[in-house]
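The structure under discussion appears below in the form of structure tokens.
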Amino acid sequence: MSKNVRVRFAPSPTGPLHIGGVRTALFNYLFAKKHGGDFVLRIEDTDQNRYVEGAEDYIVESLSWCGIPFDEGPGKNEKFGPYRQSERKHLYKQYADQLISSGKAYYAFDTSEQLDAHRKGHEAEGKTFIYNWHNREKGRLVNSLVLTEAETQAKIEGGEHYVVRFKSPQDETLLLKDIIRGDISIDTNVLDDKILFKSDGMPTYHLANIVDDHLMEITHVIRGEEWLPSLALHQLLYDAFGWETPEFAHLPLILKPTGKGKLSKRDGDKLGFPVFPLEYTAPDGTVSRGYKEDGYFSDAVVNFLAFLGWNPGTEQEIFSLEELVKDFDLKRVNKAGARFDPDKTKWFNHHYMQQQLDLDLAEQFKTIQPELADIDVNYIALVVGLVKERATFIVDFWNLSHFFFASPTSYDEKASKKALKEDTADILNKVIELVNTTEDFKVENLQANIKGWITDSDIGFGKVMMPLRLALVGALQGPDVFDIMFLIGKEETVKRIRALVKSIN
RNA sequence: GCUCCGUUGGUCAAAUGGUUAAGACGCCUGACUUUCUAUCAGUAAUUAAGAGUUCGAUUCUCUUACGGAGUACCA
């Protein structure tokens, strides 16, 4: 137990990092930091056909934006490097050979077409084709278990393409352990003899991840549930090499908000929320939106990601990264897949916005809103302070606050109908008088004067406040009417009320 | 088809072999003698179904149903 905790996040660079991948990275990070361990990034690019330019940079930038940088990885603290499997290519062959000489693996010469034919044939008979002892020694398949040594050698030397397959055992029951799921038992008779080494000279994921995890001294493998069915093979491989097996934890999937299946890129487009941390432009020019560009704060993203499948067991829902590190526990990760809830992510963002300083928000607001170029940021901050509780994103501010920066140019029709009555003009004229005679133009004084008058004259709040709001805002919207009057000032207030009175006549 | 994993209100979820099964988001309703996308308050689950173990099960076991994943010379 004195061993230093080392975990790895091992994405393949086939495109932008999906939000589920970010969650996996986050859980790895939290677990590592909780135990004072290391978080390693390893690029699993053994499939050269699926390599996408720029994907690796995207992964690194995403982790960095989330505030969960790796301790070791490509170009960083390379104690166990290289960290790209393509650059470790030379390492894997010897391990495949080792398994062959110990009789745990064998050469296979079957072509993809032949295998397809076998699968189809079995399917037609209602049977399942499994490439293992059920079939491998019956002469239908071409491999070094049915061929003589000389025949095998001849094929290899003759340049025939071959793969290396793992020889899975017969009639054994495997007992597997998973931190989240507990004990799992598997009958080895249903296991395929998986390909370990491909004919293009690259290992498959299965071989590479075991070899690398061992060489990199990984102690805990935390990955998505889609790997659970491969766990038996992986355990068998550790055993075959005689290596100590790391502990495993398979995270529940993130499901679509509606319908069936796991969350996919398309769901974001369809339902209007990002599925990627950062905006991504594919090689073909297609742009996918990102949380960052959509106006989400990275703390909020990290917080809601942490709650996808995990919870602290208390009522606390707002967690900083430091708090997450402190409270995170793999044992409290759920087994069942979690449906992604875009509304909840918005709620988190709203919450994190409330905690930010008005001045900081004002500065961000100013940079995205051209109309604000010449406005004092301190004034903007006062406005932001009044409207931010109704906003989820910075971009919401303008709709909520434009009337603090410009007079209404029109009056909302429905609002007018509701607010304007026959005596409205008279009432507003009286309000103008009250505003003008308010000496010290402050919220409390305005409130006292106007509310006092309403109460004394027995007019009713609605008849005064609604048209007043309409005059100031142009609609029945916005924060407290007195706050608005105060911020825009006495002159502007009077001007706007006069404008409405004029438009009534 | 086969293998594995799962199943508590619309969603995320807490909890315990034994009181009225937390909380959050969302929804709807009400309140706020002034709007609301704000605020406050309130409504909603016979814990998938059936059986078994037990004095007692949502919590343990089995069956069924449903959902998910895997089943590639992808990761």
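Since this is a predicted model, take the numbers as computed values, not measurements. Proteins come first, then strands; the chains are lettered A, B, ... in the order of their sequence lines, and each starts at number 1.
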Do A:R181 and B:rC5 share a donor-acceptor pair, side chain to base, under 3.5 Å?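 Absent.
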Kindly indicate whether the side chain of A:T128 and the base of B:rC2 share any N or O donor-acceptor pair separated by less than 3.5 Å?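 Checked by distance alone, the answer is no.
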Which whole number of Å gives the distance between the [atom1] atom of [N] and that of [M]?
N	M	atom1	result
B:rA49	B:rA21	P	16 Å
B:rU63	B:rU53	C1'	15 Å
B:rC4	B:rA57	P	30 Å
B:rU11	B:rA45	P	14 Å
B:rG70	B:rU20	P	44 Å
B:rA51	B:rA41	P	42 Å
B:rU71	B:rC55	C1'	48 Å
B:rU43	B:rC5	P	40 Å

If you take the centroid of each ring, where Trp contributes its six-membered ring, are A:W398 and A:F404 closer together than 6.0 Å?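 So the answer is no for these two rings.
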How long is the line joining CG of A:D183 and C1' of B:rC4, in whole Å?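 Going from A:D183 (CG) to B:rC4 (C1'), I get 14 Å.
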Between P of B:rC4 and CD of A:Q235, the distance in whole Å: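 A:Q235 atom CD is separated from B:rC4 atom P by 17 Å.
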Assuming nearest nucleotide by heavy-atom distance, tell me which of A:P229 and A:K344 is located more 5' along RNA chain B.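 That would be A:K344.
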Can you work out whether A:F129 or A:W310 has the more 5'-proximal nearest nucleotide on RNA chain B?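 By nearest-heavy-atom nucleotide position, the 5'-most residue is A:W310.
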What nucleotide among [options] has an atom nearest to a side-chain atom of [X]?
X	options	answer
A:K198	B:rU37, B:rA75, B:rA72	B:rA75
A:D480	B:rG6, B:rC73, B:rU34	B:rU34
A:K194	B:rA75, B:rU37, B:rU71	B:rU71
A:L253	B:rA24, B:rU34, B:rA69	B:rA69
A:E225	B:rG68, B:rC4, B:rA22	B:rG68
A:R469	B:rU35, B:rA75, B:rG23	B:rU35
A:D192	B:rA13, B:rG70, B:rU71	B:rU71
A:H350	B:rU39, B:rC73, B:rA75	B:rU39
A:D47	B:rU3, B:rA75, B:rC25	B:rA75
A:I184	B:rG6, B:rC5, B:rA72	B:rC5

Assess A:K155 against A:F109: is NZ or CZ under 6.0 Å from the centre of the six-membered ring, and within 45 degrees of the ring's axis?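 Pair A:K155/A:F109 counts as cation-pi.
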Is the NZ or CZ atom of A:R136 both under 6.0 Å from the centre of the six-membered ring of A:Y131 and within 45° of that ring's axis?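 Checked: cation-pi criterion not met.
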Looking at [X], I'd like to know whether one of its side-chain N or O atoms comes within less than 4.0 Å of OP1 or OP2 on [N].
X	N	value
A:T46	B:rA75	yes
A:R119	B:rA72	yes
A:N399	B:rU37	no
A:R50	B:rA72	no

Side-chain donor-acceptor pair under 3.5 Å between A:Y83 and A:D212, yes or no?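 Note: A:Y83 and A:D212 side chains miss the donor-acceptor criterion.
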I'd like to know if the side chain of A:R140 pairs up with that of A:H118 as donor and acceptor (distance under 3.5 Å, no hydrogens or angles considered).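 On atom types as modelled, these side chains do not qualify, holding no pair under 3.5 Å.
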Over all strands shown, is [X] touching base, sugar-phosphate only, or nothing at heavy-atom distances under 4.0 angstrom?
X	value
A:K262	sugar-phosphate
A:D458	nothing
A:K451	base

Heavy-atom count around A:K335 NZ within 6.0 Å, excluding the residue itself: above 12?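 No - once you tally the heavy atoms of other residues, nucleotides and ligands closer than 6.0 Å, there are 12 at most.
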Would you please classify the geometry between the A:Y205 ring and the A:W227 ring as parallel, tilted or perpendicular, with 30° and 60° separating the classes?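 The rings of A:W227 and A:Y205 lie parallel, inter-plane angle below 30°.
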